[in-house]
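Convention: sequence-line order gives letters A, B, ...; per-chain numbering from 1. Here the structure is a predicted model, which means the values were calculated and not measured.
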Amino acid sequence: MRLTRYFLPVLKENPAEAQIASHRLMLRAGMIRQASAGIYSWLPLGFKVLSRLEQIVHEEQQRAGHIPLLMPTLQPADLWQESGRYNAYGPEMLRIRDRHERDMLYGPTNEEMITDIFRSAVSSYKELPLTLYHIQWKFRDEVRPRFGVMRGREFLMKDGYNFDLTMEDALHAYNRHLVSYLRTYERMGLQAFPMRADTGPIGGDYSHEFLVLAPTGESEVFYDSDATGLRFGDRDIDFTDRAALQQVYDDWTAIYARTDETHDEAVYAERVPEERRRTARAIEVGQIFYFGTKYSEPMKALVVNEQGERVPVHMGSHGIGVSRLVGALIEANHDDRGIIWPEGVTPFHVGIANLKQGDGAADAACDALYAGLKARGLDPLYDDRSERAGAKFATLDLIGLPWRITVGPRGLANGVVELTSRRTGESEEMSPEAAIDRVAQIYAKV
RNA sequence: CGGGCUAUAGCGCAGUCUGGUAGCGCGUUCGACUGGGGGUCGAAAGGUCGUGAGUUCGAAUCUCGCUAGCCCGACCA
């Protein structure tokens, strides 16, 4: 993409309403624009990152054997009356009435709807196990939205629901989600820890939250410093291998890591040596639940088992806050000049800064670089504005592309361009061809 | 939902106390000089001062209502 043909409304000054880094930087980098409290338009750059996160989530869910579908944002109230949550949910649920005076709601989650879909189509244990998920906008009418997309009212969430015959099967689904989530966050360049969690208004008795350490996080967490050494890495997991998944679950949950909601001083003191105890703030970016027959019983989601008995299915629900992750990524990856995207989620792979727009040699070199990068399947952003070097560097630093190729008459006289890492600031001079190779190499691993 | 605050040009703000018909910086447009970290000079465009009523000869400014937004707390993916 050529910057002069893109839509990137960056701000030089900080908007007054933005208190935390991610909110401030998303506004300044032209990623989002507020439409109303806690409701945002996603401008092209933000939309690109959001779409990239969606893509990673889709890939990892399907790798785990989960099936995508798409349910509506607006739901009929009667489903929620059936589960008993229509009255239980409170004013956070946005209630709407249509022209026929029918009570509707903008879905804050989809347990009822998915259970309705399931029960109308599945009646035998032979069709289990089944895990369905979607990535869809949700609405929770927060009293006090804040921190940009980190705590909006409208938010994009991946929510998945497993249907199993037995608790053992459902716990295997639980482990599948735990492992697929670990993979998902690592691909995004984030280290997220599973922490034992309260089950909250959704209910149930088996739950972990995934938290990313960040000073602006809303949760206080207590953990063993050994947890920060955990890496999922490139392990190629067979998601049907129960023992292997259980092992990952055991490895990751053995180390003490809890939020303030479930923190237990006595257990903490007993299991974690004093010098390894850590307290920090963290952002919640996902949560998994096993809740058994909480919805399948009242909503009659029954299947016939091998003995010919009709039994309620065991369910769980599993969420990843996709739009919130954009904020979390920035909280975990920025400096005073702007965002620093991990390679796995960057909106463009590399920025090209032409330091003398209109100069024949510089223009030609940039055009060749741009074409060469595209030919290698890369997505470059070419800053072809008639701006001075400082302005181009500032813009590219702000929007956080992890790599920049700087092209100027001075280097071109020696046949070189400069490849600079946004994260370390280190640069290296090399031929344009070598720069293309290097960037291609970097992204081959992502 | 309790407490506090704000609303003036795309963004950040001054002007409000003491009423007299709106200003600064950034950004934008045009021209020139520039060209390796938001450059310089010159010209220009852009505002029903959130909204409704009231007071007044006259309201961004005073009074009352309404709306929207922000901060702290409680709540929350």
Pairwise [atom1] distance, [M] and [N] [rounded to whole Å]:
| N | M | atom1 | answer |
| --- | --- | --- | --- |
| A53(B) | C17(B) | C1' | 24 Å |
| G58(B) | G25(B) | C1' | 31 Å |
| U29(B) | G65(B) | P | 45 Å |
| A32(B) | C13(B) | P | 36 Å |
| A45(B) | C30(B) | P | 15 Å |
| U61(B) | G73(B) | C1' | 34 Å |
| G36(B) | C72(B) | C1' | 46 Å |
| U55(B) | G10(B) | C1' | 35 Å |

Measure [atom1]/[X] against [atom2]/[N] and give the value in whole Å, please.
| X | N | atom1 | atom2 | answer |
| --- | --- | --- | --- | --- |
| Glu220(A) | C76(B) | CD | P | 16 Å |
| Arg324(A) | C76(B) | CZ | P | 13 Å |
| Ile288(A) | A77(B) | CD1 | P | 15 Å |
| Asp141(A) | C75(B) | CG | C1' | 13 Å |
| Met93(A) | C76(B) | CE | C1' | 15 Å |
| Leu11(A) | C13(B) | CG | P | 13 Å |
| Glu142(A) | G73(B) | CD | P | 15 Å |
| Asn14(A) | C13(B) | CG | P | 10 Å |

* Asked: Can you tell me if Arg258(A) uses its side chain to pair, donor with acceptor, with the backbone of Tyr223(A) under 3.5 Å?
  ->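 Looks like no, no N/O pair under 3.5 Å.
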* Do the side chain of Asp116(A) and the main chain of Glu112(A) share a donor and acceptor less than 3.5 angstrom apart? ->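 Checking the backbone N and O of Glu112(A) against the side chain of Asp116(A), no donor-acceptor pair under 3.5 Å is found.
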What is the nucleic acid contact for [X], judged by heavy atoms within less than 4.0 Å: base, sugar-phosphate only, or nothing?
| X | answer |
| --- | --- |
| Gly390(A) | sugar-phosphate |
| Gly152(A) | base |
| Gly286(A) | nothing |
| Gly408(A) | base |

Check the angle between the aromatic planes of [X] and [Y] and answer parallel, tilted or perpendicular using the 30° and 60° thresholds.
| X | Y | value |
| --- | --- | --- |
| His177(A) | His66(A) | parallel |
| Tyr6(A) | Phe348(A) | perpendicular |
| His349(A) | Tyr443(A) | tilted |
| Phe291(A) | Phe289(A) | tilted |

Can you tell me the Watson-Crick or wobble partner of [N], both distances under 3.5 angstrom?
| N | answer |
| --- | --- |
| A68(B) | U6(B) |
| C13(B) | G23(B) |
| A77(B) | none |
| G31(B) | C41(B) |
| G46(B) | none |
| C62(B) | G54(B) |

* Asked: Do we see a donor-acceptor contact under 3.5 Å between the side chains of Tyr161(A) and Asp159(A)?
  ->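 Distance-only check passes for Tyr161(A) and Asp159(A).
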* To do: State, without any angle test, whether Ser421(A) and Glu426(A) hold a side-chain donor-acceptor pair at a distance under 3.5 Å.
  =>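 Absent: no donor and acceptor within the cut-off.
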* Give a yes/no verdict on a cation-pi contact between Arg277(A) and Tyr268(A), requiring under 6.0 Å between NZ or CZ and the six-membered ring centre and an angle within 45° of the axis. =>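 So Arg277(A) does make the cation-pi contact.
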* Toward the 5' end of RNA chain B, which comes first, Ala394(A) or Val285(A), by nearest nucleotide? ->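 Closest to the 5' end, via its nearest nucleotide, is Ala394(A).
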* Does Arg28(A) make a side-chain donor-acceptor contact with the base of G38(B), cut-off 3.5 Å? ->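 Checked by distance alone, the answer is yes.
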* To do: Spell out yes or no: do the side chain of Arg140(A) and the base of C76(B) have one donor N/O and one acceptor N/O closer than 3.5 Å?
  =>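 Result: no qualifying N/O pair found.
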* **Residue of the set Arg176(A), Arg187(A), Lys158(A) for which salt bridge (Lys or Arg N to Asp or Glu O under 4.0 Å) holds with Glu60(A)** =>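 The passing option is Arg187(A).
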* For Asp264(A) and Arg196(A), run salt bridge (Lys or Arg N to Asp or Glu O under 4.0 Å): C-alpha distance rounded to whole Å, both residues' side-chain angles, the deciding distance at 0.1 Å, then the answer. => CA-CA 11 Å; Asp264(A) 183 330; Arg196(A) 178 179 297 185; over 6 Å; no
* Please answer whether G38(B) and Phe393(A) are stacked, defined here as ring centres separated by less than 5.5 Å and planes angled under 30°. =>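 Per 5.5 Å and 30° rule: no stacking.
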* To do: Assess whether ring pair (Phe, Tyr, Trp, His ring centres under 6.0 Å) is satisfied between Trp137(A) and Phe155(A), documenting all intermediate values.
  => CA-CA 5 Å; Trp137(A) 291 93; Phe155(A) 56 98; 8.3 Å; no
* Structure fact -> Under a 4.0 Å heavy-atom criterion, the protein footprint on nucleotides 67-72 of chain B, written with B, S and -, is --SSBB
* Asked: What one-letter contact string describes nucleotides 26-35 of chain B from 5' to 3', where B marks a base within less than 4.0 Å of any protein heavy atom, S marks contact via sugar-phosphate atoms alone, and - marks no contact?
  -> BS------BB
